[in-house]
Amino acid sequence: MKILVCTDGSGQSQRVIEKAAQIAAGGNVEVTVIHVYETSKNGPYRIEGNETLSEELNRQLIELKEQEKEKSKKVLSDAAKALEKKNINAKTLLKEGRAAETIVRVAAENEFDIVVLGSRGLSGLKKMFLGSVSNAVLHEIKASVLIVK
């Protein structure tokens with residue numbers, strides 16, 4: 001069995017890791033933890049009216065993107081360590097893009113049997129029942145999905 005565990009570093013993600021560990025315990029299970037960080041497409045960045053941003057602002061945006069990538073690496077590292085404490089070895093996968101689309105694509109390309117993710121994550125706007133990422137994954141993915149509340 002192959003499990004894809006989605007994390008964004010939120011408190012909800014800790015419960016996702018706990019549930020994935022329960023599923024993986026005592027079995028022949030391959031666990032992969034994925035974190036998707038969202039940034040703007042590579043420059044030149046554009047603003048309203050299609051004006052190209054100044055070189056300095058573009059440099060700052062690229063620097064912010066690198067900072068986000070470094071934070072994302074820590075999120076993955078922390079998730080892998082939490083699983084290791086439960087005697088589960090996990091691969092990690094860092095991706096850039098839109099979270100839901102990327103999770104669905106990775107799950108299909110790698111033939112995961114189940115995707116485990118939280119009902120809500122770090123996004124500021126909470127949906128009535130499910131977060132936007134979990135809702136999109138649930139409706140688009142072909143693998144089984146476990147949404148942890």
Side-chain angles (χ1 to χ4, degrees), residues 1-48 53 58 60-149:
M1 174 187 269
K2 292 174 67 173
I3 301 174
L4 182 62
V5 181
C6 306
T7 184
D8 64 5
S10 66
Q12 179 86 50
S13 288
Q14 296 307 312
R15 290 190 292 277
V16 169
I17 291 166
E18 290 291 324
K19 184 55 78 175
Q22 289 174 1
I23 295 168
N28 185 17
V29 180
E30 180 183 315
V31 179
T32 301
V33 181
I34 186 172
H35 175 74
V36 182
Y37 66 101
E38 296 189 39
T39 60
S40 299
K41 293 182 180 177
N42 291 334
Y45 294 90
R46 304 237 180 239
I47 56 175
E48 195 172 315
L53 296 177
N58 194 46
Q60 289 173 358
L61 288 172
I62 291 169
E63 187 175 305
L64 286 172
K65 179 179 177 179
E66 285 303 312
Q67 290 173 2
E68 185 64 27
K69 188 174 183 178
E70 289 305 311
K71 287 180 197 174
S72 297
K73 287 178 183 177
K74 180 167 179 6
V75 166
L76 273 179
S77 173
D78 290 348
K81 286 176 186 172
L83 287 165
E84 281 177 23
K85 287 180 182 177
K86 300 192 175 291
N87 296 317
I88 297 167
N89 293 321
K91 298 177 191 175
T92 58
L93 191 56
L94 179 63
K95 293 288 187 178
E96 178 183 358
R98 294 181 172 263
E101 293 171 10
T102 305
I103 291 165
V104 170
R105 187 185 78 251
V106 167
E109 288 173 354
N110 296 281
E111 299 178 347
F112 283 96
D113 298 300
I114 187 168
V115 176
V116 184
L117 71 161
S119 61
R120 290 196 184 100
L122 291 175
S123 63
L125 181 64
K126 290 186 176 181
K127 301 291 182 183
M128 186 178 256
F129 298 110
L130 289 177
S132 59
V133 172
S134 55
N135 190 41
V137 169
L138 182 63
H139 287 93
E140 298 296 324
I141 203 160
K142 294 196 179 359
S144 295
V145 177
L146 175 61
I147 298 177
V148 179
K149 288 190 170 205

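Atom set for the values below is all heavy atoms of this structure, side chains included, hydrogens, waters and symmetry mates excluded.
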So do L83 and V31 actually touch side chain to side chain, heavy atoms under 4.5 Å?
yes
For E140, look at atom CD and say whether over 12 heavy atoms of other residues, nucleotides or ligands are found less than 6.0 Å away.
no
Which pairs count as salt bridge (Lys or Arg N to Asp or Glu O under 4.0 Å) when at least one residue sits in residues 18-32, sequence neighbours excluded?
E18-K86, E30-K91
Between the CE atom in M1 and the OG atom in S144, the distance rounded to the nearest 0.5 Å is 8.0 Å
How far apart are the C-alpha atoms of V16 and T7, what are their side-chain angles, what is the distance that settles it, and do they pass the side-chain contact (heavy atoms from CB on, under 4.5 Å) test?
CA-CA 8 Å; V16 169; T7 184; over 6 Å; no
With K2 as reference, evaluate D113, V29, I114 under the side chain to side chain contact (heavy atoms under 4.5 Å, CB included) test and give the passing residue.
D113
Rounded to the nearest 0.5 Å, how far apart are CZ of R105 and NZ of K95?
5.5 Å
I'd like to check T32 versus V106 (side-chain heavy atoms, cut-off strictly below 4.5 Å). Are they in contact?
no
Would you call K73 and E70 a salt bridge, using N to O less than 4.0 angstrom?
yes
Straight-line distance of T92 OG1 to K81 NZ, nearest 0.5 Å:
11.5 Å
Looking only at heavy atoms, the pair that brings V5 and A20 closest together is CG2-CB, 3.5 Å
Excluding sequence neighbours, so at least two apart, what forms salt bridge (Lys or Arg N to Asp or Glu O under 4.0 Å) with E111?
none
Would you be so kind as to tabulate the donor-acceptor pairs closer than 3.5 Å made by side chains of residues 97-104, with sequence neighbours excluded?
unit_1 : atom_1 : unit_2 : atom_2 : d
T102   : OG1    : R98    : O      : 2.7

Take L76 and V33, measure what side-chain contact (heavy atoms from CB on, under 4.5 Å) needs, and give me the verdict at the end.
CA-CA 7 Å; L76 273 179; V33 181; 3.8 Å; yes
Restricting to non-hydrogen atoms, name the atom on V75 and the atom on G9 that form the minimum distance, rounded to 0.1 Å.
CG1-N, 3.5 Å
Any chance you could measure D8, atom CG, to I34, atom CD1, to the nearest 0.5 Å?
12.0 Å
Supply the atom-to-atom distance I3 CD1 to I88 CD1, rounded to the nearest 0.5 angstrom.
8.0 Å
Show the nearest heavy-atom pair for residues S72 and Y37, with the distance to one decimal.
OG-CB, 3.2 Å
Which atoms form the tightest heavy-atom contact between L94 and K69, and what is the distance?
CD2-CG, 4.1 Å
Approximate separation, where rounding is to 0.5 Å, of S119 OG and N135 CG
11.0 Å
Could you walk me through whether V115 and C6 satisfy the side-chain contact (heavy atoms from CB on, under 4.5 Å) test, starting with their C-alpha distance in whole Å, then the side-chain angles of each, then the deciding distance to 0.1 Å, before giving a yes or no?
CA-CA 7 Å; V115 176; C6 306; 3.7 Å; yes
Taking all atoms of both residues into account, what is the closest heavy-atom pair of E84 and N89, and its distance?
CG-OD1, 4.5 Å
